[in-house]
Amino acid sequence: MNRQIPLLDAIREHLQTNPLPLHVPGHKMGRGFPNELAVWLGQAVKLDLTELPGLDDLHQPEGAIQAAQQLAAQAFQSDETFFLVGGSTAGNMAMILTVCRPGDTIVIPRNAHKSVHNAVMLAGARPVYLYPDVDERFGIPTAVQPKEVRRVLEEYPEAVAVLITSPTYQGVCSDLAAIAEEVHRLSKLLLVDEAHGAHFSFHDQLPMSAIDSGADLAVQSTHKMLGSLTGSAMLHGKGGRYDRERLRMMLAMVQTSSPSYLMLLSLDAARFQFAHYGHDLLDRALRVVADSKNEMTEIAEIDLYQPASNHVIAGIDPFKWWIQVERLGITGYEAEGWLRKETGIFMEMADDRHLLAVFSYADTDKQLRRLINGVRLLSSHYSGALRESRTPESLSIHKIVKNFHLEQVRLPKDALHSSRQHVKLEVAGGQVAAEPVIPYPPGIPVILPGERYSTELVHYLQQLKRQGARFQGTTDPSLEYVQIIE
């Protein structure tokens with residue numbers, strides 16, 4: 001097996017020449033880097049370089065970057081792999097801009113990440129929505145069923161591609177192999193937002209990766225579940241159904257012309273780590289997580305998500321724990337705040353009833369033990385304390401997917417360019433949105449430009465505001481006002 005880290009080798013060779021950097025960046029290989037930060041970054045600032053002879057060019061790779069991407073393609077079983085320095089957001093945009101021309105129809109999940117919806121608007125495409133199954137008990141969208149894909153493609157035969165989000169933010173996987181059969185049978189393209197599944201390729205106890213399942217293009221946030229720097233990601237392609245030259249052109253359009261070599265190097269190193277040691281790293285972590293999960297399920301009034309018996313899914317990522325705290329009589333926001341302040345535990349996200357814990361190959365029994373002890377303390381502190389004051393309906397609003405079935409009055413791309421005005425959120429019912437409203441995390445829009453506010457959605461957003469949710473996409477982040485089409 002190839003033991004090279006091409007980008008690291010190229011940078012080492014460059015540093016050995018004792019270079020005089022009469023080029024950007026301005027800190028000149030760390031000499032002028034702010035001291036307050038340099039003490040933390042150390043020698044790493046010397047590696048923050050730019051496109052130089054011998055270091056290759058991300059947008060026209062012929063040397064070290066090309067070699068690194070080829071090794072990544074081997075590791076992830078793709079035909080070609082592209083390094084991304086704008087996260088999976090850049091990859092989702094490049095995929096959709098590659099397959100969609102203005103006016104084209106593309107099939108996407110209504111609960112897709114905001115980057116997917118934004119890419120559809122930028123492409124001038126027409127979105128047609130898939131609706132996943134919903135787990136009513138745990139209030140989350142789960143898998144998109146192959147029969148749902150078949151139904152939508154039969155209704156919209158003009159669609160050029162189908163995009164699936166798998167795994168979901170909570171780790172639930174759709175049957176991508178069966179979906180690929182449906183999509184390819186009709187000569188369409190299958191795109192997969194696999195942001196949270198970069199580790200799937202390296203252990204047989206994990207769900208099958210999108211590329212191995214038959215996807216044409218798949219995007220992975222390497223930084224989320226592997227070891228690269230935040231914001232670094234990869235785009236994998238396989239087969240001959242997509243336009244490879246157009247994909248390269250779109251990647252050049254959506255990515256910076258000054259890519260970070262630290263991010264590129266971290267992608268190369270993460271690939272090396274998992275190509276050589278990934279199975280063993282994951283094997284150890286999987287055992288620790290499995291053992292600890294049994295303990296978590298025994299904590300009083302704490303519930304961990306398990307797929308409902310009537311829901312067909314292709315798998316679930318064991319490194320994602322969707323923790324329901326409803327029976328404690330508190331919101332997930334309150335639970336997150338208490339854990340953070342009292343125990344120093346920072347969760348991935350919280351909502352009105354839940355917490356999300358994300359583990360990885362880097363977690364050991366020590367970290368799992370700390371979480372379990374923290375949740376035990378949480379349970380002991382709150383158990384039954386607020387039950388009398390809680391109304392039966394106060395925590396029943398997390399059926400967010402119901403709000404995805406909103407009336408689409410205008411296409412998002414048309415609504416985006418319409419005249420708009422601000423109105424108070426409480427009077428927005430019946431009005432047509434001119435901006436998305438995106439609780440973050442997870443970054444899934446609850447309403448998109450061109451959709452009509454329902455009274456139920458207005459009440460839902462007001463409830464989220466009271467509980468301390470954060471919002472993106474809106475001109476008023478406090479959500480006192482929203483923009484509607486005049």
Next on the checklist: Does Gln463 form a side-chain hydrogen bond (donor to acceptor under 3.5 Å, both in side chains) with Asp352? I'd like the steps, not just the answer.
Outcome noted: CA-CA 9 Å; Gln463 185 88 359; Asp352 60 324; over 6 Å; no

Checklist entry - Does atom CD of Gln60 have more than 12 heavy-atom neighbours from other groups under 6.0 Å away? => result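 Counting neighbours around CD of Gln60, 12 or fewer heavy atoms of other residues, nucleotides or ligands fall under 6.0 Å, so no.
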
Donor-acceptor pair between [X] and [Y] side chains, under 3.5 angstrom:
X      : Y      : value
Ser115 : Asn118 : no
Thr331 : Arg353 : no
His279 : Asp204 : no
Asp476 : Ser478 : yes
Gln220 : His236 : yes
Asp133 : Gln145 : yes
Thr222 : Ser232 : no
Tyr261 : Glu51  : no
His422 : Thr475 : yes
Asp283 : His203 : yes

Checklist entry - Between Asp216 and Arg241, is a salt bridge (charged side-chain N to carboxylate O under 4.0 Å, His left out) present by the stated rule, with each step listed? => result CA-CA 7 Å; Asp216 299 291; Arg241 296 182 181 88; 3.1 Å; yes

Verify, without hydrogens or angle tests, whether [X] (side chain) and [Y] (backbone) share a donor-acceptor contact under 3.5 angstrom.
X      : Y      : value
Arg420 : Ile484 : no
Lys238 : Ala215 : no
His59  : Thr256 : yes
Glu451 : Leu448 : yes
Glu154 : Val149 : no
Asp79  : Gly239 : yes
Ser221 : Lys224 : no

Next on the checklist: side-chain hydrogen bond (donor to acceptor under 3.5 Å, both in side chains), that's the test. Do Asn92 and His113 meet it? Break it down for me.
Outcome noted: CA-CA 9 Å; Asn92 284 334; His113 187 263; 5.1 Å; no

Report yes if some heavy atom in the side chain of [X] is under 4.5 Å from a heavy atom in the side chain of [Y]; otherwise report no.
X      : Y      : result
Leu163 : Pro109 : yes
Leu58  : Gln69  : yes
Asp268 : Arg271 : yes
Ile106 : Arg126 : no

Checklist entry - How are the rings of Tyr131 and Tyr129 set relative to one another: parallel (under 30°), tilted (30 to 60°) or perpendicular (over 60°)? => result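 Because their plane-to-plane angle is over 60°, the rings of Tyr131 and Tyr129 count as perpendicular.
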
Item to check | Verdict with reasoning, Lys188 to Glu158, per salt bridge (charged side-chain N to carboxylate O under 4.0 Å, His left out) | outcome: CA-CA 9 Å; Lys188 315 294 185 183; Glu158 72 276 14; over 6 Å; no

Check for me whether the distance between the ring centres of [X] and [Y] falls short of 6.0 Å.
X      : Y      : answer
Phe319 : His199 : yes
Phe202 : Phe76  : yes
Phe138 : Trp322 : no

Next on the checklist: Let's go through Arg340 and Glu336 carefully: what are the C-alpha distance in whole Å and the side-chain angles of both, what is the deciding distance for salt bridge (charged side-chain N to carboxylate O under 4.0 Å, His left out) to 0.1 Å, and is it a yes or a no?
Outcome noted: CA-CA 6 Å; Arg340 174 166 36 86; Glu336 183 277 331; 2.7 Å; yes

